Amino acid sequence: MAKPSLSARDRLIVALDVPDTRAAETLARSLDGHVGVFKLGLELAMNGGIDLARDLAADGKPVFLDLKLLDISNTVTKAVENAAGQGFAFLTIHAYPAAMRAAVAGIGDSALCLLGVTVLTSLNAEDLAEAGYSASPDELVLSRAQSAASTGMGGIVCSPMEVAAVRAKCPDLNIVTPGVRPAGSDTGDQKRIATPASAIKSGSDYLVVGRPITQAGNPAEAADTIVDEIASAF
Ligand code: C5P
């Protein structure tokens with residue numbers, strides 16, 4: 001079961017995957033009060049997104065910087081040291097043990113929650129085999145989640161399909177799941193998916209939803225519908 005202390009709205013993270021900061025600001029304004037967290041990722045980071053992330057955080061909004069860091073230890077530690085003082089709520093690191101140890105070393109006394117990205121939700125067993133892994137997505141997610149827990153990370157990112165197994169082995173981690181699709185919506189490039197209710201029932205703490213909200217005719221209404229589904233799953 002997901003951790004009980006958050007409201008249904010707090011659990012909804014919207015991915016502001018849009019080409020520029022003007023579009024992101026418009027979306028953030030229309031979704032203010034309808035979602036819990038704003039996630040800014042690589043698309044926007046290439047076009048002013050980090051400044052916008054800082055502005056939203058300075059404005060008191062919970063901000064998730066989804067930069068999926070992976071580099072040599074010194075670089076990861078220094079990057080996290082720089083991010084740690086800026087008021088962000090979440091930052092992602094690829095869940096390689098050395099990178100996670102380096103990230104934890106840079107956190108200091110900041111409240112920033114470091115999340116280990118286990119296996120991207122757009123990858124299935126065939127994609128992993130093509131990349132040279134013999135483990136299945138389930139096996140790799142679980143072993144990376146256990147590494148995240150033992151290195152002192154705040155949580156992990158995985159698909160809704162692995163949440164129950166991760167929750168059973170790593171009860172203290174925050175579990176964040178993209179790959180969330182309300183019934184009937186387009187899957188896009190996501191391969192390991194579930195509905196919001198199913199992800200929550202499996203034990204997700206936070207759901208990341210992008211296109212089903214950002215490409216809806218009325219994003220605030222789409223977000224409200226997902227929040228209702230989250231609430232009804234408890
Ligand atoms: O539009 P959609 O709901 O598929 O967006 C999912 C978001 O979650 C994207 O911003 C993507 O970068 C992010 N993400 C993911 N899978 C992961 C980690 C992050 O889809 N494992």
Side-chain angles (χ1 to χ4, degrees), residues 11-20 23-24 27-28 31 35-47 49-50 52-53 63-70 88-96 99-100 103 113-125 127-128 131 133 137-138 140-145 147-148 153-163 166 173-196 198-200 202 204-216 219 222-223 225-227 229-230:
R11 295 174 188 277
L12 180 57
I13 300 173
V14 64
L16 294 178
D17 293 331
V18 289
D20 56 58
L27 255 179
L31 289 169
V35 301
V37 180
F38 294 109
K39 183 173 91 65
L40 290 86
L42 293 173
E43 179 178 357
L44 210 54
M46 296 301 163
N47 199 4
I50 296 183
L52 175 60
V63 171
F64 178 159
L65 208 49
D66 188 12
L67 297 182
K68 298 185 178 71
L69 304 181
L70 180 60
F88 303 125
F90 300 97
L91 174 68
T92 43
I93 320 293
H94 277 289
Y96 286 75
M100 294 192 289
C113 179
L114 295 173
L115 299 172
V117 177
T118 56
V119 176
L120 296 172
T121 43
S122 57
L123 303 181
N124 61 16
D127 298 311
L128 287 184
Y133 292 95
D138 297 19
L140 202 50
V141 167
L142 194 56
S143 91
R144 288 179 170 174
S147 297
M153 297 283 283
I156 59 130
V157 183
C158 65
S159 101
M161 295 162 71
E162 299 98 31
V163 173
V166 172
L173 284 179
N174 282 297
I175 304 181
V176 177
T177 56
V180 172
R181 288 291 180 268
S185 51
D186 265 2
T187 55
D189 53 352
Q190 297 285 11
K191 293 181 183 160
R192 301 189 342 270
I193 60 171
T195 62
S198 156
I200 289 291
S202 301
S204 296
D205 294 304
Y206 297 91
L207 310 186
V208 176
V209 183
R211 288 161 287 186
I213 294 176
T214 59
Q215 294 182 4
T225 304
I226 293 171
V227 169
E229 186 174 333
I230 293 172

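First listed ligand is number 1; within each ligand, the first listed atom is number 1. In what follows, residues are counted from 1 in the order of the sequence shown. Bear in mind the structure is a predicted one, so any value in this text is a computation, not a measurement.
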Any idea which protein heavy atom is nearest [atom], and the distance to it?
atom                    : answer
atom 14 (N) of ligand 1 : P178 CG, 3.7 Å
atom 13 (C) of ligand 1 : K39 NZ, 3.6 Å
atom 12 (O) of ligand 1 : K68 NZ, 3.5 Å
atom 2 (P) of ligand 1  : R181 NH2, 3.4 Å
atom 16 (N) of ligand 1 : T121 OG1, 2.8 Å

Mark yes or no for whether D66, through its side chain, and K39, through its backbone, hold a donor-acceptor pair below 3.5 Å.
no
For R192 and P160, indicate whether the former's side chain and the latter's backbone hold a donor-acceptor pair under 3.5 Å.
no
Heavy-atom contacts under 4.0 Å between [X] and ligand 1: side chain, backbone, both, or neither?
X    : result
V157 : side chain
D17  : side chain
D66  : side chain

Numbering as shown, the atoms of ligand 1 that approach [X] to under 4.0 Å (heavy-atom distance):
X    : result
R211 : 1 (O), 2 (P), 3 (O), 4 (O)
L120 : 17 (C), 21 (N)
V208 : 7 (C), 8 (O)
A15  : 7 (C), 10 (O)

Between P178 and V157, which heavy-atom pair has the shortest distance, and what is it?
CD-CG1, 3.4 Å
Any side-chain donor paired with an acceptor under 3.5 Å for T187 and Q190?
no
Around atom CG of D189, are there more than 12 heavy atoms of other residues, nucleotides or ligands at under 6.0 Å?
yes
Measure centre to centre between the rings of Y206 and F90, then say whether the value is under 6.0 Å.
yes
Starting at CZ of R11, measure out to OG of S204 and round the result to the nearest 0.5 Å.
9.5 Å
Validation row: R211, R181 side chains within 4.5 angstrom (heavy atoms):
yes
I213 versus L27: any side-chain heavy-atom pair under 4.5 Å?
no
Looking at ligand 1, does any of its N/O atoms fall within less than 3.5 Å of an N/O of Q190?
yes
Is there a nitrogen or oxygen of G210 sitting under 3.5 Å from a nitrogen or oxygen of ligand 1?
yes
Determine, using heavy atoms of E43 and all atoms of ligand 1, whether some pair is separated by less than 4.0 Å.
no
Check step by step if side-chain contact (heavy atoms from CB on, under 4.5 Å) holds for I50 and L67.
CA-CA 10 Å; I50 296 183; L67 297 182; 4.1 Å; yes
